[in-house]
**Q** 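For reference, the structure I am asking about is given below.
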Protein chains: 2
Amino acid sequence: MTQTDTNSFTDNGSAHLRAAGLKVTLPRLRVLDVMEQSDRRHMSAEDVYRKLIDSDAEVGLATVYRVLTQFESAGLVYRRHFDGGQALFELNDEENHSHVVCLKSGHVEEFSDPIIEARLREISESLGYTMTEHTIVVHGIHKDAK
Amino acid sequence: MTQTDTNSFTDNGSAHLRAAGLKVTLPRLRVLDVMEQSDRRHMSAEDVYRKLIDSDAEVGLATVYRVLTQFESAGLVYRRHFDGGQALFELNDEENHSHVVCLKSGHVEEFSDPIIEARLREISESLGYTMTEHTIVVHGIHKDAK
DNA sequence: ATAGCTGCAAAACCTTTGCAATCAA
DNA sequence: TTGATTGCAAAGGTTTTGCAGCTAT
């Protein structure tokens, strides 16, 4: 990928990486780029790996896993386990959103709701917990599905 | 394994199994029993397997997986993926509850809340979905943890 | 009798790790 | 320079599957 100079993602990426205390390396920039450019918001390590291979980047799958795990520690991405087989990674855009998964099509949609947010915090508090994060997955059937 | 006749769990189990269209076999009754008698509500296949071994039942791990998967299809248990490593199975007691997981101790607690329930249904509807199930996991830190 | 169930071992998956070479700072 | 990072291959942990024998109905 002959990438040009004044590329916003590269600059952003470097900044993000540095802010996370990670050395700025090509594999890391690449993974970040793939996730930012992708139309799918939730990607498995394998998905990311394939995209890299397809765009002629030479990165090992193990590295993708390592990088994604580092990104997770750094708070750049979330690791989700919607159905358990494989983990899906998603960029942290600072909006704590929830998911609706269609049982027929498998399509994933997002939403976020302050009412639920507040209520969860309230409930956690009453149970003695300080809520740091929450994950909501609604399973449903879309009216236009299949 | 030499199981007696008038065992309450056996009778209950048999009914559940038959209702699910599954043959009433010893391994299935045993797995059901273990899950019902366990003090822990969330158990991995391995957990169930160990309990069976400990109580002199001769059941293979593969069978435990198969049985649990069948139970899941039959709606008798839920398969959860709190952190991805291994799946945890939980009896379906018809109460759709949510979970709070302590980040320090790993302890899992449950709750359910009609306000959130209603709100989720409402939101799903507005997105074009008919909600069939939902999973909520709150990550937090308990005030008395570690 | 027979379709379904089981145990065992092997395979399939996803993910992590050891190690020598390579790279960013 | 030098510790961090990488690719490869091998190992690890969880779950599934093929198959021959056993079992509930």
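Letters A, B, ... are given to chains in the order of the sequence lines, protein chains preceding strands, and every chain is numbered from 1.
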**Q** Between C:dC8, C:dA25, D:dT6, which nucleotide has the shortest distance from any of its atoms to the side chain of A:R18?
**A** C:dA25
**Q** Taking A:T132 for its side chain and B:H139 for its backbone only, find out whether a donor-acceptor pair lies under 3.5 Å.
**A**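 Yes, A:T132 side chain to B:H139 backbone: donor-acceptor pair under 3.5 Å.
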**Q** Mind calculating the distance between OH (B:Y49) and P (D:dT16) to the nearest angstrom?
**A**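 These atoms are roughly 16 Å apart.
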**Q** Picking from A:H97, A:H99, A:H107, what satisfies ring-ring contact (aromatic ring centres under 6.0 Å, His included) with A:H42?
**A** A:H99
**Q** Tell me whether the side-chain N/O atoms of B:Y65 come closer than 4.0 Å to OP1 or OP2 in D:dT16.
**A**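 For D:dT16, OP1/OP2 do not have a side-chain N/O of B:Y65 under 4.0 Å.
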**Q** Without swapping roles, check the side chain of A:R79 against the backbone of A:A87 for a donor-acceptor pair under 3.5 Å.
**A** no
**Q** So, does B:T25 get its side chain near the phosphate of C:dG4, meaning an N or O under 4.0 Å from OP1 or OP2?
**A** no
**Q** Starting the side chain at C-beta, find the nucleotide from C:dT17, D:dT14, C:dT15 nearest to A:A62.
**A** C:dT17
**Q** Between D:dT5 atom C1' and A:L29 atom CG, what is the distance in whole Å?
**A**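 Spelled out: CG on A:L29 to C1' on D:dT5 is 13 Å.
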**Q** Among the candidates C:dT15, D:dT17, D:dT6, find the nucleotide nearest to the side-chain atoms of A:V67.
**A** D:dT6
**Q** Could you check how far CZ of B:R30 sits from P of C:dC5, rounded to whole Å?
**A**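 About 18 Å, once rounded to whole Å.
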**Q** When you measure from the side chain of A:S38 to the backbone N and O of A:M35, does any donor-acceptor pair fall under 3.5 Å?
**A** no
**Q** From CD of B:Q70 over to P of D:dT17, roughly how many Å is that when rounded to an integer?
**A** 12 Å
**Q** When all nucleic acid strands are considered with a 4.0 Å heavy-atom cut-off, which category describes B:A45: base, sugar-phosphate, or nothing?
**A** nothing
**Q** Of the nucleotides D:dT15, D:dC8, C:dT15, which one has an atom closest to the side chain of A:R79?
**A** C:dT15
**Q** Using whole Å, report how far CG of B:L52 lies from P of C:dT6.
**A**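 B:L52 atom CG is separated from C:dT6 atom P by 12 Å.
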**Q** For the pair made of CG in A:L68 and P in D:dT6, what is the distance, rounded to whole Å?
**A** 12 Å
**Q** Rounding to a whole Å, what distance do you find between B:F71:CZ and C:dC5:P?
**A**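 It is 11 Å, rounded to the nearest whole Å.
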**Q** Heavy atoms from C-beta onward define the side chain here; which of C:dG4, D:dG3, C:dG7 lies closest to that of B:K23?
**A** C:dG4
**Q** Looking at every strand, decide which applies to A:E58 at a 4.0 Å heavy-atom threshold: base, sugar-phosphate, or nothing.
**A** sugar-phosphate
**Q** More 5' along DNA chain D: A:R28 or B:G85, using each one's nearest nucleotide?
**A** A:R28
**Q** I need the CG-C1' distance between A:L26 and C:dA25, as an integer number of Å.
**A**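 So the two atoms are 16 Å apart, to the nearest Å.
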**Q** Both A:L61 and B:P27 contact DNA chain C. Taking the nearest nucleotide for each, which residue is further toward the 5' end?
**A** B:P27
**Q** B:V77 and side chain to side chain contact (heavy atoms under 4.5 Å, CB included): which partner among B:Q70, B:E72, B:M43?
**A** B:E72
